[in-house]
Amino acid sequence: MSIALVDRLAEAGRALAVALDRNDIAAIESAAAGFQAATAAVGGAGGWRDTPELKARIRDALADVEAARLRCAYYGDAARRRLEKLATIGANVAAPIAYGRQGRI
């Protein structure tokens, strides 16, 4: 495994976190695709135990990836809470319907 792959993963994690913070759907989709590609590249490579420098870079990259994961969990939970709140204040739409309209708005 090369340091460049690990750096690419860390950058992809940072880009995903920034896109989530900006609440820009197009940027989130683009960053998620880049993150998926970087993850696949790292997953397909072996030898991450080769050098102490590589181990240190992987630890740093994992911190960036964890920041993106926490944002995904937070924003997903926030969206769920908003849907539940709309349902309780009389939006006449049960929360699960927001995920499957069945041809109705």
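Salt bridge status for Arg14 with Glu11: present, with a side-chain N to carboxylate O gap under 4.0 Å. Under a 4.0 Å N-O distance rule, the pair Arg57/Asp60 does not qualify as a salt bridge. Remark: Arg81 does not engage Glu84 in a salt bridge, criterion side-chain N to carboxylate O under 4.0 Å.
Counting all heavy atoms, side chain and backbone alike, Ala12 lies closest to Phe35 at CB-CA, 3.7 Å. The minimum heavy-atom distance between Ala10 and Asp64, with the atom names listed, is CB-OD2, 3.6 Å. When all heavy atoms of Leu16 and Ala32 are compared, the pair lying nearest together is CD1-N, 3.9 Å. Scanning both residues, Leu5 and Val42, for their nearest heavy atoms gives O-CG2, 3.6 Å. Here the shortest heavy-atom pairing between Arg8 and Ala37 reads NH2-CB, 3.4 Å.
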Does the side chain to side chain contact (heavy atoms under 4.5 Å, CB included) test come out yes or no for Val65 and Arg69, once each step is laid out? CA-CA 6 Å; Val65 169; Arg69 186 193 70 78; 5.5 Å; no
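Under a hydrophobic clustering in which Ile, Leu, Val, Met, Phe, Trp and Tyr are joined whenever their side-chain heavy atoms come within less than 4.5 Å, directly or via other members, Ile3 and Leu62 fall into the same cluster. When hydrophobic clusters are built by joining Ile, Leu, Val, Met, Phe, Trp and Tyr residues whose side-chain heavy atoms come closer than 4.5 Å, directly or via intermediates, Tyr74 is grouped together with Ile28.
Partners of Ser30 by side chain to side chain contact (heavy atoms under 4.5 Å, CB included), not counting sequence neighbours: none found. With sequence neighbours left out, the side chain to side chain contact (heavy atoms under 4.5 Å, CB included) criterion links Arg71 to Ala17, Leu20, Asp21, Ala67, Tyr75. Residues satisfying the side chain to side chain contact (heavy atoms under 4.5 Å, CB included) test with Glu29, not counting sequence neighbours, are Ile25.
The environment of CG in Asp77 is crowded: more than 12 heavy-atom neighbours from other residues, nucleotides or ligands sit within 6.0 Å. By the 6.0 Å contact criterion, CD on Glu66 is enclosed, its count of non-hydrogen atoms from other residues, nucleotides or ligands being greater than 12.
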